[in-house]
Amino acid sequence: MVKKALMVDLITGLRRTFYYFFTKPITVQYPKEKLQPFPRFRGFIRLTQKEDASGVKCIACGMCARECPSQCIEVKGEGKGKERYPVVFNIDFSRCIYCGFCVEVCPVGGLEFTSFYEGAEYDLEWLHFDIAKLQEDYKKWERTFKK
Amino acid sequence: MAKKIESKVIDVLKRGTPFGRLEEGDVFNENLKIEDVWINMGPQHPSTHGVLRLVLALQGERIVDMEVVIGYLHRGTEKLAEFRTYHQFIPLTDRLDYLASPAMNFGYVLAVEKLAGIEVPIRAEYIRVLMAELARISSHLLWLATHALDIGAMTVFLYCFREREMILDLFEMATGGRLITTYYRIGGVANDLPDYFLDRCEEFCEIFPKRVEDYDALLYSNRIWLSRTVNIAKISAEKGLALGLSGPSIRGSGVNWDLRRSNPYSVYDKLDFEVAVFDGCDVYARYLVRRKEMLESCKIVKQCIEWLKKNPGGEVQAKVPKVFKPPVGEVYQAVEAPKGELGFYIVSDGSQRPYRLKIRAPSFANLMSLPEMCKGHLVADVVAAIGSIDVVLGEVDR
Ligand code: SF4
Ligand code: SF4
């Protein structure tokens, strides 16, 4: 009864709230500051370049296109054996679910994840990446208001 | 019930209302029936946004009947499974209960492994259990956050999300995804944990029990919380079992049924933990069960970390052929997901794709006991009841 009158139960809660009222906020003000994702983060996918920068590593084997659960990769290649290279390589990022299977199955490490994730777009066409766009530096599209 | 209210209404009319009074000599039709008022609750309502519709039959503010209308989030997952290879279906299981995706993967890969008779490396087993338990904590945290928010305790929401963020960071470290992890593979897990993961995870296990005290300070004996939860939405053990209630919801009715103990899979039989059982049968008991389960899961995580630190290195994936074709047959495998018993029933015709795949989703079965729980309660308690069975419509509609 006394406990009830003194509202002990409510005051314990309020004390906790009061304590956190004076601690530093843990939130991040998104467009102004940004958290860096961890290395394994599955963002947009890029075609990796050969070490000597003479083109992409991909050998157009088509494994990624076959394994992709949402069937959003299209690959067409030219050439034979080791010399094979892709002429068409499209990834439709409006359908990609970032499962990472394509990166996982690729026998030559031809695809990699970037930490770019701001794919909310007004223009659907923008999300259809072709072979040239898949080799660009995605960093330039990152959004931040701090210039 | 209807009779009682009728006489009450006549009493009120005799006493007088703003519209007039029943006078002596007024002709009053004694056969007048007081009808139930049917109202829609949802699809837009506070506890499940846009995906669950309840039709309530009301007598005044009391609920006499309820109908659950589902299907707003139907994506045809079971049918899709017939057009995907066994491997390609894994990302779709993530999207069943999107709040605990490792637990969903777990059920599916176990079923496929049982079908094909694949031995999983022991290290992968421990990693799987570790992930599944983290998922349980994160799912329960989100449940506590939103449940408390629905009932009117805003602060808990913010605190729970703070800890959930830590778990999501752990997921991101190990798997690359925050919500949709897609980490489990047939025969193991995608890749080994990064080296800094275990330390960060241990840190979390240290902090977490202290943070539970934070939530306790706000809820455990809070008078408002108690009056909104104690003796609300009661369901007896027999009724619950008959309706297929499972998981924390049935353990809140005093039934000691946890698949991790009663039907152990993976390495759960080597781990030491207690099954949380409370017999209040009400919303508060279900809160106590989940609260204790979070702490128990934290213990399991600690044991897994200990084992993984003692036995570094080793395989995390069994050899599975690239073109995976399990033998002809059927299999059922159930696991204890955060929401209850999650089962996968797979029929295989020996091809690359399942012939038929049926998902026994815990939330779907749990939702069926909602009308039973709510009968006789006030409209405001429906929100508490929905919260207490922790439905995720992703797996209800599938
Ligand atoms: S991440 Fe998954 S969905 Fe996206 S392109 Fe690769 S395989 Fe397809
Ligand atoms: S799997 Fe690798 S090598 Fe083969 S087509 Fe895809 S990106 Fe190219």
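Every chain is numbered from 1, with letters handed out A, B, ... down the list of sequences.
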Working to the nearest 0.5 Å, report the span between [atom1] of [X] and [atom2] of [Y].
| X | Y | atom1 | atom2 | result |
| --- | --- | --- | --- | --- |
| A/T27 | B/R162 | OG1 | CZ | 12.0 Å |
| A/I97 | B/D94 | CD1 | CG | 8.0 Å |
| B/F197 | A/F38 | CZ | CZ | 10.5 Å |

Fill in: A/Y98/B/T182 under side-chain contact (heavy atoms from CB on, under 4.5 Å): CA gap, chis, key distance, verdict
CA-CA 9 Å; A/Y98 308 99; B/T182 322; over 6 Å; no
Fill in: Region of B/F83 that comes under 4.5 Å of a non-hydrogen atom in chain A
neither
Worksheet item: Where does B/F171 contact chain A at under 4.5 Å (heavy atoms): side chain, backbone, both or neither?
Response: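 No part of B/F171 comes within 4.5 Å of chain A.
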Other residues, nucleotides and ligands only: do more than 12 of their heavy atoms fall within 6.0 Å of [atom1] on [X]?
| X | atom1 | value |
| --- | --- | --- |
| A/K50 | NZ | yes |
| A/Y30 | OH | yes |
| B/I224 | CD1 | no |
| B/K325 | NZ | no |
| B/R200 | CZ | no |

Worksheet item: Taking the inter-plane angle between the rings of A/F101 and B/H87 on a 0 to 90° scale, is it parallel (under 30°), tilted (30 to 60°) or perpendicular (over 60°)?
Response: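 It falls in the tilted class, 30° to 60°.
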Fill in: Interface moiety of A/E67 toward chain B, non-hydrogen atoms closer than 4.5 Å
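For A/E67, the contact with chain B is made by backbone and side chain together.
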Tell me which of these, [options], has more heavy-atom pairs under 4.5 Å with chain A than the rest.
| options | value |
| --- | --- |
| B/R185, B/E213, B/R95 | B/R185 |
| B/T175, B/T155, B/T85, B/L158 | B/T175 |
| B/D169, B/I90, B/L92 | B/D169 |

Worksheet item: Is the shortest side-chain N to carboxylate O distance from A/R42 to B/E172 below 4.0 Å?
Response: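 No.
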Indicate the atoms forming the closest heavy-atom contact of [X] with [Y], along with that distance.
| X | Y | result |
| --- | --- | --- |
| A/R40 | B/L193 | NH2-C, 4.0 Å |
| A/E104 | B/A190 | OE1-CB, 4.3 Å |
| B/Q88 | A/R66 | NE2-O, 3.1 Å |

